[in-house]
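Presented below is the structure to which this report refers.
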Protein chains: 2
Amino acid sequence: MKVDVIVFECREGSLLQTEAVVTQKKQKVKEQFHLFLTKKRLKATLQRNLILDAFVDLDRPTHMDELYLVLRSKHSHIGHATVYRALRLFAAAGIAREFSLGDGLTRYELAGHGKRHDYLVCSDCGTVTEFDNSSIEQRQLAVARSMGFTVEALKIELRGVCSRCLTQSG
Amino acid sequence: MKVDVIVFECREGSLLQTEAVVTQKKQKVKEQFHLFLTKKRLKATLQRNLILDAFVDLDRPTHMDELYLVLRSKHSHIGHATVYRALRLFAAAGIAREFSLGDGLTRYELAGHGKRHDYLVCSDCGTVTEFDNSSIEQRQLAVARSMGFTVEALKIELRGVCSRCLTQSG
DNA sequence: AAATACAATGACATCCACTTTCATCAAAAA
DNA sequence: TTTTTGATGAAAGTGGATGTCATTGTATTT
């Protein structure tokens with residue numbers, strides 16, 4: 001199954017980000033990446049910069065194929081494998097978070113966006129909506145701890161019909 | 001990545017099930033399946049019965065490959081495709097629930113076990129532990145509804161280190 | 001009970017997301 | 001500049017899941 005995924009920002013204020021704030025965030029991420037490259041004695045290549053730019057500019061969870069298409073539209077010389085490798089590298093550098101929604105695609109989102117891990121997945125249009133709810137998370141952590149489990153990552157996934165699809169069909 | 005997954009039952013009482021109760025549950029599932037087959041004018045074959053037996057006997061979340069190996073050890077004539085098709089059929093019949101933990105495998109568990117969807121996944125040994133916590137779920141449903149989302153399914157996934165791996169390593 | 005209809009099987013091929021290979025290329029070091 | 005060594009990308013390979021199709025098996029009809 002292939003699904004176009006559009007993510008609507010649900011965190012307060014995120015739609016009000018100014019151009020300046022975005023640019024600043026982007027700069028910070030790029031610095032963090034280059035620091036990582038230097039530390040690991042890896043190389044800062046044209047492709048890695050292009051992919052990181054595209055990834056940061058998108059500013060929403062994405063996957064290889066989407067990013068590849070965006071990049072190909074401007075730079076026809078970038079290959080699949082390079083995009084895959086770059087995304088894994090971003091994850092290793094801690095600037096991206098890798099996750100999955102069970103549809104067979106490996107998704108990536110910018111880390112440090114907050115600790116996002118709550119998804120509403122519309123089974124009709126495939127749209128992925130993110131939300132945060134710390135009270136739920138705290139409760140989950142408490143349950144896990146009571147079972148002797150040390151939690152590293154946490155994901156909530158709700159599948160259903162989003163309000164848009166509901167009004168369109170009914 | 002390939003991981004052996006063992007599921008420990010965490011619902012109270014489930015370890016105390018008597019042989020008689022298990023047999024009764026199994027009979028009920030098989031009846032439900034055959035009712036489904038009749039309604040849809042599908043056929044009750046030897047293979048489907050064998051696969052359903054193995055699936056119910058396992059009595060924990062599993063995936064095609066594991067079930068295939070169990071079956072092959074006793075009945076060397078069953079093919080991959082048949083197991084895949086049977087599991088999908090079980091899901092369609094409502095006796096199995098299909099889910100994914102992001103490792104590329106499609107997992108199935110007996111439905112009507114309750115509404116299980118909360119998993120603790122150990123990143124060390126790969127063990128999947130299930131738990132239920134209805135207060136968390138109710139909170140999640142409330143959040144989703146407040147966003148105009150009609151929830152059909154819900155999944156919580158915690159990744160971390162289980163108590164056993166923790167004591168073994170440190 | 002025999003014939004008929006048609007779903008199911010299983011070996012094999014195919015698909016798709018992802019990874020690896022390897023010859024070539026380019027960035028950082030010497 | 002030259003050397004070293006990691007990076008690239010086209011193509012091949014993986015592995016889980018699914019499609020194909022001739023054959024087999026089941027259930028229904030006659």
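Below, chain A is the first sequence line, B the second, and so on; all start at residue 1.
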- Query: With distance as the sole test, does A:R72 use its side chain to make a donor-acceptor pair with the main-chain N or O of A:I78 at under 3.5 Å?
  - Reply: yes
- Item | Minimum-distance pair of heavy atoms, taken over all atoms of B:E157 and B:L101 | OE2-O, 3.7 Å
- Note on the structure: Quick note, side chain to side chain donor-acceptor pair (under 3.5 Å) partners involving residues 79-93 of chain A, not counting sequence neighbours, are none
- Note on the structure: Here the distance between atom P of C:dG10 and atom CG of B:L71, to the nearest Å, is 11 Å
- Item | Whole-Å distance separating the OH atom of B:Y68 from the P atom of D:dA17 | 14 Å
- Query: In whole angstrom, what separates A:I78's CD1 from C:dC25's C1'?
  - Reply: 15 Å
- Note on the structure: All heavy atoms of A:T106 vs all of A:H63, minimum pair found to be O-CB, 3.4 Å
- Note on the structure: Quick note, ring pair (Phe, Tyr, Trp, His ring centres under 6.0 Å) partners involving residues 28-54 of chain B, not counting sequence neighbours, are B:F33-B:F90
- Message: Test of understanding: with side chain to side chain contact (heavy atoms under 4.5 Å, CB included), list the residues that count as partners of A:T62, not counting sequence neighbours.
- Response: A:F55, A:L58, A:E66, A:L67
- Establish, with yes or no, whether the OP1 or OP2 oxygen of C:dA7 is under 4.0 angstrom from a side-chain nitrogen or oxygen of B:R48. no
- On a heavy-atom basis, the closest approach of B:I95 and B:L110 is O-CD2, 3.4 Å
- Task: Summarise how protein sits on nucleotides 23-30 of chain D as a single string, 5' to 3': B when a protein heavy atom is under 4.0 Å from the base, S for sugar-phosphate-only contact, - for no contact.
- Result: --BBS---
- Message: Taking A:D59 first and then A:K26, would you say they form a salt bridge - that is, a charged N and a carboxylate O separated by under 4.0 Å?
- Response: no
- Starting from P on D:dG15, measure out to CG on A:L105 and report it in whole angstrom. 20 Å
- Would you mind listing every salt bridge (charged side-chain N to carboxylate O under 4.0 Å, His left out) that reaches into residues 28-40 of chain B, with sequence neighbours excluded? B:K30-B:D53
- Item | Strand-adjacent residues in residues 80-90 of chain B, judged by heavy atoms under 4.0 Å from DNA chain D | B:A81, B:Y84, B:R85, B:R88
- Atom-to-atom span, CG of A:D103 to C1' of C:dC18 - whole angstrom: 14 Å
- Query: Between A:Q47 and D:dG9, does any side-chain N or O lie under 4.0 Å from OP1 or OP2?
  - Reply: yes
- How close or far is atom P of C:dC6 from atom CG of B:L37, stated in whole angstroms? 18 Å
- Rounded to the nearest Å, what distance is computed from the CE atom of residue A:M64 to the C1' atom of nucleotide C:dC16? 11 Å
- Query: How long is the line joining CD of A:E98 and C1' of C:dT19, in whole Å?
  - Reply: 13 Å
